[in-house]
Amino acid sequence: MEESEMTSLPRLSLRLLTLAAALAAQLANASPLSECLGFKPGDKVLVVNADDVGMHPDLDRAAFALIDNGRIQSLSLMPPTPNFAQAAQMAKSRKLAVGVHLTLTNEWQAAQPWGTVLPKAEVPSLYNPQGRLWATTEEVARHAKPEEARKELLAQIAKARAAGLTLTHLDAHMVFWAASPDLFKLYVSLPGETGIPVVMQGSGMPVADQLAATHDLQVNGVLTPDAFFMRYDPPRRRPGQRYAGYDDLFAQLPAGISHLAIHPGTDTPSARAAIADLTLRLSDFAVWNDAATAKLGKGTLHTDYRALQAMQARINAGDERCLKR
């Protein structure tokens with residue numbers, strides 16, 4: 001993800017989610033969602049999720065190593081990307097339920113190319129004049145027709161299902177939903193259409209604002225974690241040096257369900273040639289593969305998205321009333 005896009009996300013998210021400060025104050029110490037899922041009111045519950053799985057074998061290897069070692073709870077696969085089929089097989093062999101990292105951009109263009117799942121002729125507005133997906137979410141917002149974007153996102157979900165994957169959540173590569181009101185409306189419509197919760201990636205927003213925004217979505221039938229965290233800061237990553245950016249994370253977690261997105265990778269000549277932010281990804285893998293990181297989160301509970309997905313299915317069937325009590 002480009003640093004300039006990360007800087008603009010809090011402003012865009014604040015505008016699009018129409019936050020309510022009074023409601024935020026009421027929710028600061030409790031999460032109706034987590035109580036509905038069986039947790040106590042004061043529990044801090046975290047899902048650590050590896051993004052970008054399927055993009056490159058050396059990224060996939062790192063994500064599955066963290067899963068296998070019990071360091072993280074979840075990961076998200078990208079159906080349009082070159083290594084998707086192999087990553088899907090790795091997930092299936094582990095009987096692992098996964099997310100779909102919905103993708104409308106190709107930020108590295110020639111160095112790490114991918115296109116849409118659908119034929120280009122069906123979604124021409126998703127491509128730039130060079131015949132590639134748009135490189136930035138701003139370009140997607142300017143050029144992509146909403147109905148073509150919807151068709152592609154649903155096709156990506158269908159491809160993941162056709163691969164035999166059990167799907168538990170949806171998240172957005174490059175946080176495309178924050179680029180325009182149309183993309184936001186499209187994204188939050190997906191749980192009602194597919195039965196799969198979404199992750200609202202409000203990284204950088206004050207936690208109280210996130211709680212207000214996500215609660216409003218939850219009570220209206222769009223299940224999403226209460227809060228989202230990500231530490232995407234390439235300038236602070238140094239080869240061979242421990243990254244300290246996660247050390248204060250656990251103290252910042254609110255009561256409720258929080259999502260942390262990480263981007264692990266392993267070091268090979270192929271990864272160096274293809275992955276522009278490999279130093280950050282090596283850093284993430286080192287931190288989350290270190291048993292010392294788990295000690296920082298002593299007292300924090302962990303979960304995955306299976307219960308949340310089951311609750312979304314009940315909402316869609318009209319059988320879930322807990323959040324509206």
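Note that this is a predicted model, so its numbers are computed, not measured.
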H56 vs N83 side-chain heavy atoms within contact, under 4.5 Å: no
Lys/Arg N to Asp/Glu carboxylate O, D284 vs R281, below 4.0 Å: no
Check: A172 main-chain N/O paired with Q201 side-chain donor or acceptor under 3.5 Å: yes
Test item: L118 and L126 side chains (from C-beta on) under 4.5 Å apart, heavy atoms: no
S76 to H169 - nearest heavy-atom pair and separation: OG-NE2, 3.3 Å
Check: N106 side chain, Q112 main-chain N or O, donor-acceptor pair, under 3.5 Å: yes
Distance (rounded to the nearest 0.5 Å) between R306 CZ and L37 CG: 13.0 Å
Validation row: L167, I157 side chains within 4.5 angstrom (heavy atoms): yes
Chi angles and distances behind the side chain to side chain contact (heavy atoms under 4.5 Å, CB included) call for R161, I196: CA-CA 12 Å; R161 283 176 164 155; I196 308 173; 3.6 Å; yes
Chi angles and distances behind the side chain to side chain contact (heavy atoms under 4.5 Å, CB included) call for F176, L153: CA-CA 12 Å; F176 63 77; L153 296 183; 3.8 Å; yes
Q156 side chain to K151 backbone, donor-acceptor under 3.5 Å: no
Non-hydrogen atoms of G54 and T81 that approach each other most closely: O-OG1, 2.9 Å
Heavy-atom side-chain proximity of C36 to L323 below 4.5 angstrom: yes
I275 and D58, any side-chain heavy atoms less than 4.5 Å apart: no
Shared hydrophobic cluster for V117 and L104 (ILVMFWY, side-chain gaps under 4.5 Å): no
T103 side-chain N/O to H101 backbone N/O, donor-acceptor pair under 3.5 Å: yes
Pairwise distance CZ(R142) to OG1(T137) - rounded to 0.5 angstrom: 9.5 Å
Distance-minimising heavy-atom pair for L59 and G265: CD2-CA, 3.8 Å
W177 vs V188, side chain to side chain contact (heavy atoms under 4.5 Å, CB included): CA-CA, chis, key distance, verdict: CA-CA 9 Å; W177 58 263; V188 298; over 6 Å; no
Non-hydrogen atoms of Q312 and V222 that approach each other most closely: OE1-C, 4.0 Å
Main-chain N/O of P197 paired with Q309 side-chain donor or acceptor, under 3.5 Å: no
All side chain to side chain donor-acceptor pair (under 3.5 Å) counterparts of S283, not counting sequence neighbours: R237
Donor-acceptor pair, side chain of E139 and main chain of T136, under 3.5 angstrom: yes
Atom pair OG (S34) and NZ (K44), whose distance is rounded to the nearest 0.5 Å: 12.5 Å
Any side-chain donor near an acceptor of the partner, T268 and R61, under 3.5 Å: no
K145 (side chain) donor-acceptor with S125 (main chain) under 3.5 angstrom: no
Donor + acceptor pair across side chains of N49, Y305 (<3.5 Å): no
Cluster check L308, L301: I/L/V/M/F/W/Y, side chain < 4.5 angstrom: yes
Pairwise distance NZ(K92) to CG(L165) - rounded to 0.5 angstrom: 7.0 Å
Shortest non-hydrogen contact from T105 toward W114: O-NE1, 3.0 Å
Would you tabulate the side-chain donor-acceptor contacts of residues 288-299 under 3.5 Å, counting partners in other chains and residues two or more places apart, or write 'none'?
from: N289; atom 1: OD1; to: N69; atom 2: ND2; distance (Å): 3.3
from: D290; atom 1: OD1; to: A292; atom 2: N; distance (Å): 2.9
from: T293; atom 1: OG1; to: V287; atom 2: O; distance (Å): 2.6

Heavy-atom side-chain contact between D51 and H173 under 4.5 Å: no
NZ-OG distance between K185 and S180, expressed to the nearest 0.5 angstrom: 9.5 Å
Under 3.5 Å donor-acceptor, T224 side chain and V198 backbone: yes
Exceeds 12 heavy-atom contacts within 6.0 angstrom, atom CZ of R94: yes
Nearest non-hydrogen partners of M55 and M78, listed with the distance: CE-SD, 3.8 Å
Test log, rule side chain to side chain contact (heavy atoms under 4.5 Å, CB included), inputs F84 and D60: CA-CA 9 Å; F84 170 77; D60 302 347; over 6 Å; no
D43 side chain to K40 backbone, donor-acceptor under 3.5 Å: yes
Validation row: P57, Q86 side chains within 4.5 angstrom (heavy atoms): no
Sidechain N-carboxylate O distance under 4.0 Å for R242, D247: yes
Nearest-0.5 Å distance, CZ of residue R236 to CZ of residue R238: 9.5 Å
Min side-chain heavy-atom separation F285-R71 under 4.5 Å: no
Main-chain N/O of A141 paired with D182 side-chain donor or acceptor, under 3.5 Å: no
Identified side chain to side chain donor-acceptor pair (under 3.5 Å) partner of D226 from the options Q218, H259, Q210: Q218
